[in-house]
Amino acid sequence: MNSDRKSSRPNRRDFLAGSLGAFVGASLGAIGASATVFAVAFATKTLASSAVPVQRIIIDTDPGVDDALAILLALRSPELKVEAITPVAGNVPLDYTLPNALRLVEIAGRTDVPVAAGASHPLVRNLITAAHVHGNNGLAGVDFPPPKIKPVRETATEIIRRLVRANPGEITIVAVGPLTNVATVLRADPGLSDLLRSIVIMGGSLSGGNVTPAAEFNLYADPEAARIVFDAGVPLTMVGLDVTRKVLFTPDHLKVLQASATPWSQAAARIMGATIERLNRGPHPMLEAMHDPLTVANLIDPGILTFKDYYVEVETQGEFTAGETVGYAYPPARKSESFVSAQATPSASAADDSFRPNAKVAIEVDPDRFFRLLLGRLTAAA
């Protein structure tokens, strides 16, 4: 981190008041001034009294439309101390995700946060992207000025390793893209598994995929990396399609962003306006799910999501199911039997009857609570 970078991190009390005020004001403007003031005061007191302690996080990301909103949400939330952002190839190649991350810290007024370049391709597979959803530049084709700041000299692997080793038990990696960077650093330094506070991922699904019938995009993009992360023994939280499909960004949400004059709300509005337009061009109009912002939002307000313990395996061998997450809620966690000849005597099953969950998987979501937080933060003044 460069010592000459100045933080514009908001004061907690002022930020909470401004954040909720902006959203409630936009939502309740027709009710009247006195009712709005009362609602803001009540909501501010409620959120402040239930706020969680500040969490130190590294955001591993592939911006990306919803990644962009997740980054802005994290950078404008005093409950989170973003130690670094580590772009990876995913939604678009690294040549775009890296400058996109730099642009976003500038837009958020948080150039104190270092950005370190990560992997440009998966561990062993060819790179696939999702430009058909995120636009060729990752930000829905919106033409933002080139970033003025530069990435730090450290690679993503180097900065993650340094921060975690210098702060044992304090750092959470929030991974909202393919898990290549995270797997690379865990493979290079296996001892890091015992030093991380946790890993929170946006990825996976227990109810079918979005890039194939079996797999969600982030895990499909690098299933081998995902397998390393799930097997690392780090406390793991999985926010997958089971819940993210239920938080869809609508034109009404866009109007709230457009009504605010902050740089971050205007940038988010431009990105989401272009996304809505893109997704409505074809014969089957769609809405964009807020996958990554939901993952970040639950760190700020843990009541947004409900979780259940699962033992999750990532499929890496299937011709049609690579990247699928298979969740066991109870034993035994059986794998497919090996092929045997017709004359051979079947062996006893090698299934493990003990149940050792390796992930907390999100199974329910409160969409209204999520959007109150997201829009409130993105429309709040500095």
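Scanning both residues, Pro63 and Ala101, for their nearest heavy atoms gives CG-N, 4.1 Å. Of all heavy-atom pairs spanning Leu186 and Ala232, the tightest one is CD1-CB, 3.8 Å. Across all non-hydrogen atoms, the minimal contact from Ala156 to Gly118 is CB-CA, 3.5 Å. Closest of all the heavy-atom pairs between Pro178 and Val88 is O-CG1, 3.8 Å. For the residue pair Pro357 and Asp309, the shortest heavy atom distance occurs at CB-CB, 3.8 Å. Nearest approach of Ala84 to Leu163, heavy atoms of both residues: CB-CD1, 3.9 Å.
In this structure Arg153 satisfies the side chain to side chain donor-acceptor pair (under 3.5 Å) test with no other residue, sequence neighbours excluded. Qualifying ring-ring contact (aromatic ring centres under 6.0 Å, His included) partners for Tyr310, counting only residues two or more places apart in sequence or in other chains: none.
Met238 contributes atom CE, which lies 10.0 Å from atom CG of Asn358 (distance to the nearest 0.5 angstrom). Atoms CD and OG1, on Glu324 and Thr321 in that order, are 5.5 Å from each other to the nearest 0.5 Å. Atom CD1 in Ile160 sits 5.5 Å away from atom CG in Asn181 (nearest 0.5 Å). For the atom pair CD (Glu315) and CG (Leu219), the distance works out to 12.0 Å, reported to the nearest 0.5 Å. With values rounded to the nearest 0.5 angstrom, Arg162 atom CZ is found 10.0 Å from Ile171 atom CD1. We find the CG-CD1 distance between Asp231 and Ile228 to be 8.5 Å, quoted to the nearest 0.5 Å.
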### Query
Please walk me through it: do Val256 and Phe371 pass side-chain contact (heavy atoms from CB on, under 4.5 Å)?
CA-CA 11 Å; Val256 175; Phe371 277 111; over 6 Å; no

### Query
Should Ser265 and Thr379 be marked as a side-chain hydrogen bond (donor to acceptor under 3.5 Å, both in side chains) after you check the CA-CA gap, both sets of side-chain angles, and the distance that decides it?
CA-CA 5 Å; Ser265 65; Thr379 57; over 6 Å; no

### Message
Let's go through Ile201 and Leu236 carefully: what are the C-alpha distance in whole Å and the side-chain angles of both, what is the deciding distance for side-chain contact (heavy atoms from CB on, under 4.5 Å) to 0.1 Å, and is it a yes or a no?
### Response
CA-CA 8 Å; Ile201 73 163; Leu236 184 68; 3.9 Å; yes

### Task
Output, in order, the C-alpha distance, side-chain angles, deciding distance and verdict of side-chain contact (heavy atoms from CB on, under 4.5 Å) for Lys308 and Val361.
CA-CA 5 Å; Lys308 182 176 179 178; Val361 178; 5.7 Å; no

### Query
Taking it one step at a time, do Leu374 and Leu378 satisfy side-chain contact (heavy atoms from CB on, under 4.5 Å)?
CA-CA 6 Å; Leu374 175 68; Leu378 294 185; 3.8 Å; yes

#### Entry: Verdict with supporting geometry, Ser207 and Asp242, side-chain hydrogen bond (donor to acceptor under 3.5 Å, both in side chains)
CA-CA 6 Å; Ser207 55; Asp242 313 289; 2.6 Å; yes

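Not a single donor-acceptor pair under 3.5 Å links the side chain of Ser193 to the backbone N or O of Val234. At least one donor-acceptor pair closer than 3.5 Å links the side chain of Gln55 to the backbone N or O of Leu299. Of the possible donor and acceptor atoms, none in the side chain of Trp264 sits under 3.5 Å from a partner among the backbone N and O of Gly109. The backbone N or O of Val314 lies less than 3.5 Å from a partner atom in the side chain of Arg227, making a donor-acceptor pair. Distance alone, capped at 3.5 Å, is enough to place a donor-acceptor pair between the Glu106 side chain and the Lys148 backbone. Of the possible donor and acceptor atoms, none in the side chain of Glu170 sits under 3.5 Å from a partner among the backbone N and O of Arg56.
Connection of Leu279 to Val142 is not established within any shared hydrophobic cluster, with ILVMFWY side chains joined at heavy-atom distances below 4.5 Å, either directly or through further cluster members. Linking Ile, Leu, Val, Met, Phe, Trp and Tyr whenever their side-chain heavy atoms come within less than 4.5 Å leaves Leu127 and Val182 in two separate clusters. One hydrophobic cluster, built from ILVMFWY side chains closer than 4.5 Å, holds both Ile59 and Val239. Hydrophobic clustering keeps Val211 apart from Val312 (ILVMFWY residues linked when any side-chain heavy atoms are closer than 4.5 Å, directly or through intermediates). The hydrophobic cluster containing Leu287 does not contain Leu375, counting ILVMFWY residues as joined when their side-chain heavy atoms lie under 4.5 angstrom apart, directly or transitively.
Put simply, the side chain of Ile276 reaches to within 4.5 Å of the side chain of Phe249, judged on heavy atoms. In this structure the side chain of Arg377 never reaches within 4.5 angstrom of the side chain of Leu72, judged on heavy atoms. Taking 4.5 Å as the limit, some side-chain heavy atom of Asn298 sits within range of a side-chain heavy atom of Phe307. Proximity of Asp62 to Val92: side-chain heavy atoms (C-beta onward) are nowhere separated by under 4.5 Å. For the pair Pro223 and Gln317, the minimum side-chain heavy-atom distance is 4.5 Å or more. In this structure, the side chains of Lys255 and Asp252 come closer than 4.5 Å at one or more pairs of heavy atoms. With contacts defined as side-chain heavy-atom distances shorter than 4.5 Å, the pair Phe370/Pro293 qualifies. Contact of the Ile300 side chain with the Leu80 side chain is registered, since non-hydrogen atoms from C-beta on lie closer than 4.5 Å.
Test Leu102, Ile159, Val152 against Val115 for side chain to side chain contact (heavy atoms under 4.5 Å, CB included) and you get one pass: Leu102. For the side chain to side chain contact (heavy atoms under 4.5 Å, CB included) test with Leu104, the passing option among Ile71, Leu75, Thr61 is Ile71; the others fail.
Applying the side chain to side chain donor-acceptor pair (under 3.5 Å) test to residues at least two apart or on different chains, the pairs with a partner in residues 123-133 are Arg125-Glu224. Sorted by first then second residue, the side chain to side chain donor-acceptor pair (under 3.5 Å) pairs that include residues 208-223, not counting sequence neighbours, are Thr180-Asp222. A side chain to side chain donor-acceptor pair (under 3.5 Å) check over residues 287-297, counting only residues at least two apart or in different chains, returns the pairs Thr244-His291.
The number of heavy-atom neighbours closer than 6.0 Å to CZ of Arg187, taken from other residues, nucleotides and ligands shown, is 12 or below. Applying the 6.0 Å contact sphere to CG of Asn136 captures no more than 12 heavy atoms from other residues, nucleotides or ligands. Remark: Tyr96 OH is loosely packed, at most 12 non-hydrogen atoms of other residues, nucleotides or ligands lying under 6.0 Å away.
Using a 30° and 60° split on the angle between ring planes, Tyr311 and Tyr328 fall in the tilted class, from 30° to 60°.
Val133 forms part of no hydrophobic cluster, judged by ILVMFWY side-chain heavy-atom separations under 4.5 Å.
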